[in-house]
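The block underneath contains the structure these notes are about, expressed in structure tokens.
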Amino acid sequence: TRLSPNHLLELVTRLCLFKAERWGRRALFYEKHRDYFPRLSVGQFVSRCRALEAKYRALAQVIFLIPADERLVPARALELRRL
């Protein structure tokens, strides 16, 4: 069975939110356990995790706000006749 386009957009939105939560939890873990992972918590890794979290949240918001009627659909190309 084929899924409806609304269902696919919802699925992609949930996936983006899941990935955002995952990156946020990863950054929080390394910030919380700074004593055990000094190089990862001090370096760019945590800031990169936070940046990825923000990007995935923004992507989910953009996808969720796209109206269902305004999506790209394949269209037939018209054939031009030569005279």
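What you see is a predicted model; the values in this text were computed from it and never measured.
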Discussion item. When you group the ILVMFWY residues by side-chain heavy-atom contacts below 4.5 Å and let the links chain together, are L59 and V12 in the same group?
Written reply: yes

Item to complete: With sequence neighbours left out, write down each residue that passes ring-ring contact (aromatic ring centres under 6.0 Å, His included) with F45, or none if nothing qualifies.
Response: Y30

Discussion item. Please give me the minimum heavy-atom distance between L40 and V46, naming the atom from each residue.
Written reply: O-CG2, 3.6 Å

Fill in: For the student: nearest non-hydrogen atoms of G24 and R50, plus distance
O-NH1, 3.9 Å

Discussion item. Between the side chains of R26 and E31, is the shortest nitrogen-to-carboxylate-oxygen separation below 4.0 Å, so that they form an ion pair?
Written reply: no

Discussion item. What's the separation between atom CZ in R22 and atom CG in L17, rounded to the nearest 0.5 Å?
Written reply: 14.5 Å

Worksheet item: Taking atom CZ of F29 and atom SG of C49, what is their separation to the nearest 0.5 Å?
Response: 11.5 Å

Worksheet item: What distance separates E21 CD from L28 CG, expressed to the nearest 0.5 Å?
Response: 11.0 Å

Practice prompt. State, to 0.1 Å, how close A20 and R57 come at their nearest heavy-atom pair, and which atoms those are.
Written response: CB-CG, 3.6 Å

Discussion item. Apply the hydrophobic cluster definition, ILVMFWY joined by side-chain contacts under 4.5 Å directly or through others, and give me every member besides W23.
Written reply: L52, Y56

